[in-house]
Enquirer: 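Once you've had a glance at the structure underneath, I'll fire off some questions.
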Amino acid sequence: MQLSQQNDQYDLIVVGAGLAGLTVALEVASHKKIAILAKRQLTEAATAWAQGGIVGVLDKKDSFESHIGDTLEAGAGIVSESTARYIAENSFNAIEWLVEQGVEFTTDPEGPLGLHLTREGGHTHRRIAHAADATGKAIHDALLAKVKNHPNIDLLEHWIALDLITNRHLVQKPNKDYKKSIQKDQCLGVYALDIKENKVKTLTADAVVLATGGVGKVYKYTTNPDTSTGDGIAMAWRAGCRVGNMEFMQFHPTCLYHPEERSFLITEALRGEGGQLKLPDGTRFMADHDERMELAPRDIVARAIDFEIKKHGLEYVLLDATHLGADFLKEHFPTIYAKCLSVGIDITKQAIPVVPAAHYTCGGVVTDLNGQTDLPHLYSVGEATCTGLHGANRLASNSLLECVVIGKSTAKKILEEHQSSIPLVKQWDDSQVEDADELVVISHNWDELRSLMWNYVGIVRTTRRLERALHRIEFLKTEVDEYYSNFKVNRDLIELRNLLDCAELIVRSALARKESRGLHYNRDYPDTFAVSYPTILTPVRKKDGIKVAEEA
């Protein structure tokens, strides 16, 4: 039996290199040695893809109560009001902190903090600070520059975490006092694959932060980058943590429909500034679905587009912004203008063909406002979590704000905590497995999973479709688990395993909800209860090692 090596020990391991993880790292780095794991290039994070902006209650005409009210309204009755209040009340400090880190937001000499504020669907005020239409990239670039230059931070690019190290992985000692000195269960680090070296390493730490983003890649069509495979959610679940609200997958209403660009998001802000949704014959249709029309929350707009596409047998609808003027569009939406032009669409003269696509995971690992999970010394921040902020539907641009606010509170909590000496843990042992013989098994199962999730667990659901999906997911999990046990791991296999775990959580959560609410719409249960609660699933370990979901 091999033991963990001391040179693989850190004070803090952050899994994920998006806004949430970088915020924690920067706030802690002056006091602790940190490793940040990025499974692809550092720039490939969902943060960098965010276009619209970040919420800030900055204007004197605005108020915390208004922002809280908008969040509660969008969340369809199951938002934690205390969480919404905490996030709103810390929004000014979050924007100010980002400015201090060097983020160059779009300016307005007459605006609060000298910033230009825009408005998005679901908001009753202009309160979105942005950097043209590439806010996420501006934020990510600024924070990455800070992280790269910090002497206490090791950036481990092309590393993917496999599983969390807990007390189950301890080296057994005969001394009873030794065993008594260890907590019942705790997080001690991660097993991670160094992709370039093709070797699994054992990394131990005083604390681990999961900042791995959402699970959009479980669907055939998504606005998410390839990194969004639910790694943190799946690892936390397998380690014994609860997950919440996984049935609430947000589908962005407007993803560019084009064979060359299947994942390009058309920001909500374009509708916020007056963009109009139309059928191919030029007819506007949102008035038939909601009095707020194009400014209705995303779930309503996505279902409306889905309805019109199916009703008229269309492949897409149109988002028309030509009436806003060429100068305005080029100034405020340069990224969208350039991307669309690259595929032959001039948005100053032509409407944009759009379809809904999986966009944001509103549920995740259950945490408190300090990012603390059910497992001591394990934290989670960002899209991988369920803090109660998003409820049944995320309000536009609340996500980047949550990353910063909870990231900062998590860092503060980590600095207050201290793990006792890390006990010896087992090294990863792959001496009994061999190299994979046919990788087509992975790619085939990946494609099948994403198709069945799109067809059976999409914008509109039925109980029969959900049951069929669950049956097939269970079969695929058995096949992949057997493959995982017999062959050496690689990134695709690790991601597929995590996607299957998350797919099961989504479907089980959807089956548990006997109503339609927010992002979850089931034709068999179209009504909305007067009072409802979050869906919390708890892992239960059976004798054969299989975990099953139970509604808490």
Side-chain angles (χ1 to χ4, degrees), residues 49-53 106 118-123 126 128 130 132-135 220-224 250-360 396-397 458-460:
W49 287 37
Q51 295 177 1
T106 298
T118 189
R119 182 182 174 189
E120 294 184 343
H123 289 273
R126 283 182 172 268
I128 314 299
H130 63 104
D133 61 346
T135 309
K220 187 174 182 179
Y221 300 105
T222 177
T223 63
N224 290 183
Q250 187 178 72
F251 287 78
H252 197 286
T254 53
C255 181
L256 175 64
Y257 180 85
H258 195 279
E260 296 178 20
E261 290 292 345
R262 292 182 177 272
S263 298
F264 186 72
L265 179 151
I266 306 298
T267 177
E268 187 120 14
L270 190 58
R271 284 183 287 120
E273 293 293 348
Q276 301 173 353
L277 287 166
K278 299 179 179 180
L279 299 175
D281 65 3
T283 303
R284 293 182 69 180
F285 59 84
M286 277 307 301
D288 296 333
H289 299 273
D290 194 280
E291 62 182 11
R292 291 165 290 187
M293 301 179 71
E294 283 81 8
L295 291 178
R298 290 177 177 176
D299 61 320
I300 294 174
V301 179
R303 278 201 299 274
I305 294 174
D306 182 69
F307 175 86
E308 296 294 339
I309 285 175
K310 291 176 179 175
K311 176 183 177 181
H312 298 284
L314 306 172
E315 293 184 322
Y316 57 84
V317 296
L318 298 171
L319 179 57
D320 187 359
T322 55
H323 58 285
L324 299 179
D327 292 341
F328 180 87
L329 290 171
K330 291 178 182 179
E331 178 184 356
H332 290 275
F333 303 100
T335 304
I336 292 175
Y337 173 75
K339 177 62 73 175
C340 288
L341 198 62
S342 73
V343 295
I345 302 170
D346 184 345
I347 68 171
T348 68
K349 300 176 182 178
Q350 301 166 265
I352 308 168
V354 295
V355 291
H359 181 58
Y360 193 87
S397 291
I459 298 172
V460 177

Enquirer: Just verifying a value: how many Å separate H258 NE2 and I345 CD1, rounded to the nearest 0.5 Å?
Expert: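 Taking NE2 in H258 and CD1 in I345, the distance rounds to 5.5 Å.
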Enquirer: Rounded to the nearest 0.5 Å, how far apart are CD of E268 and CG of L295?
Expert: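 Taking CD in E268 and CG in L295, the distance rounds to 8.5 Å.
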Enquirer: Would you say the side-chain atoms of H323 pair up with the backbone N or O of G274, donor to acceptor, closer than 3.5 Å?
Expert: yes
Enquirer: Nearest heavy-atom pair of V301 and A296: which atoms, and what distance?
Expert: CG2-O, 3.4 Å
Enquirer: L329 and side-chain contact (heavy atoms from CB on, under 4.5 Å): which single residue from I336, D346, L270, T322 fits?
Expert: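 Testing L329 for a side-chain contact (heavy atoms from CB on, under 4.5 Å) against I336, D346, L270, T322 leaves exactly one candidate, L270.
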Enquirer: Rounded at 0.5 Å granularity, tell me how far NZ in K339 sits from CD1 in I347.
Expert: 13.0 Å
Enquirer: For the residue pair P353 and A351, what are the closest heavy atoms and their distance?
Expert: CD-O, 3.7 Å
Enquirer: Quick one: does P356's side chain get under 4.5 Å of I309's, heavy atoms only?
Expert: yes
Enquirer: Mind listing the closest non-hydrogen atom pair of K330 and T348 along with its distance?
Expert: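 Heavy-atom minimum between the residues: CE-CG2, 4.3 Å.
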Enquirer: With distance as the sole test, does H123 use its side chain to make a donor-acceptor pair with the main-chain N or O of A396 at under 3.5 Å?
Expert: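 Judged by distance alone, yes, a pair lies under 3.5 Å.
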Enquirer: What is the distance from atom NZ of K311 to atom CG of D306, rounded to the nearest 0.5 Å?
Expert: 13.5 Å
Enquirer: Any heavy-atom pair between the side chains of E273 and F328 that's under 4.5 Å?
Expert: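 Yes. Closest side-chain heavy atoms under 4.5 Å.
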Enquirer: Once rounded to the nearest 0.5 Å, what's the spacing between atom CZ of F264 and atom OG1 of T335?
Expert: 6.5 Å
Enquirer: Using modelled atom types only, decide if a donor and an acceptor are shared between the side chain of T222 and the backbone of A358 within a distance under 3.5 Å.
Expert: yes
Enquirer: Just wondering, do L319 and P253 contact through their side chains at under 4.5 Å, heavy atoms?
Expert: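 They are not in contact (no side-chain heavy atoms under 4.5 Å apart), so the answer is no.
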Enquirer: Might you point out which heavy atoms bring G275 and L324 nearest each other, and give the distance in Å?
Expert: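 Answer, listing the atom of G275 first, then L324: N-CD1, 4.3 Å.
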Enquirer: For side-chain contact (heavy atoms from CB on, under 4.5 Å), just list the numbers for T254 and L277, CA-CA rounded to whole Å, side-chain angles, deciding distance to a tenth of an Å, and then say yes or no.
Expert: CA-CA 10 Å; T254 53; L277 287 166; 4.2 Å; yes
Enquirer: Can you tell if the side chain of E294 reaches within under 4.5 Å of the side chain of R284, non-hydrogen atoms only?
Expert: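 Yes, close enough: below the 4.5 Å cut-off.
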Enquirer: Take atom CG in D327; do more than 12 heavy atoms of anything else shown fall under 6.0 Å from it?
Expert: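 No, CG of D327 has 12 or fewer neighbouring heavy atoms, counting only those of other groups under 6.0 Å.
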Enquirer: May I have the step-by-step check of side-chain contact (heavy atoms from CB on, under 4.5 Å) for M286 and Q276, ending in yes or no?
Expert: CA-CA 9 Å; M286 277 307 301; Q276 301 173 353; over 6 Å; no
Enquirer: Roughly how far apart are N224 CG and Y360 OH, rounded to 0.5 Å?
Expert: 10.0 Å
Enquirer: Work out which heavy atom in L256 is nearest to a heavy atom in C340; give both atom names and the distance.
Expert: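 Minimum heavy-atom separation between L256 and C340: CD1-SG, 4.4 Å.
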Enquirer: Quick one: sort the H332 and H130 rings into parallel, tilted or perpendicular, breaks at 30° and 60°.
Expert: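 Correct class here is tilted.
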Enquirer: CZ of F285: more than 12 outside heavy atoms within 6.0 angstrom?
Expert: yes
Enquirer: Check the surroundings of atom NZ in K310: do more than 12 heavy atoms from other residues, nucleotides or ligands lie under 6.0 Å from it?
Expert: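 Count over threshold, so yes.
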Enquirer: Please name the pair of heavy atoms, one in A132 and one in T106, separated by the smallest distance, quoted to 0.1 Å.
Expert: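 Heavy atoms only, the tightest pair is N-OG1, 2.6 Å.
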Enquirer: Quick check on side-chain contact (heavy atoms from CB on, under 4.5 Å): which of T283, V317, D320 does K278 satisfy it with?
Expert: D320
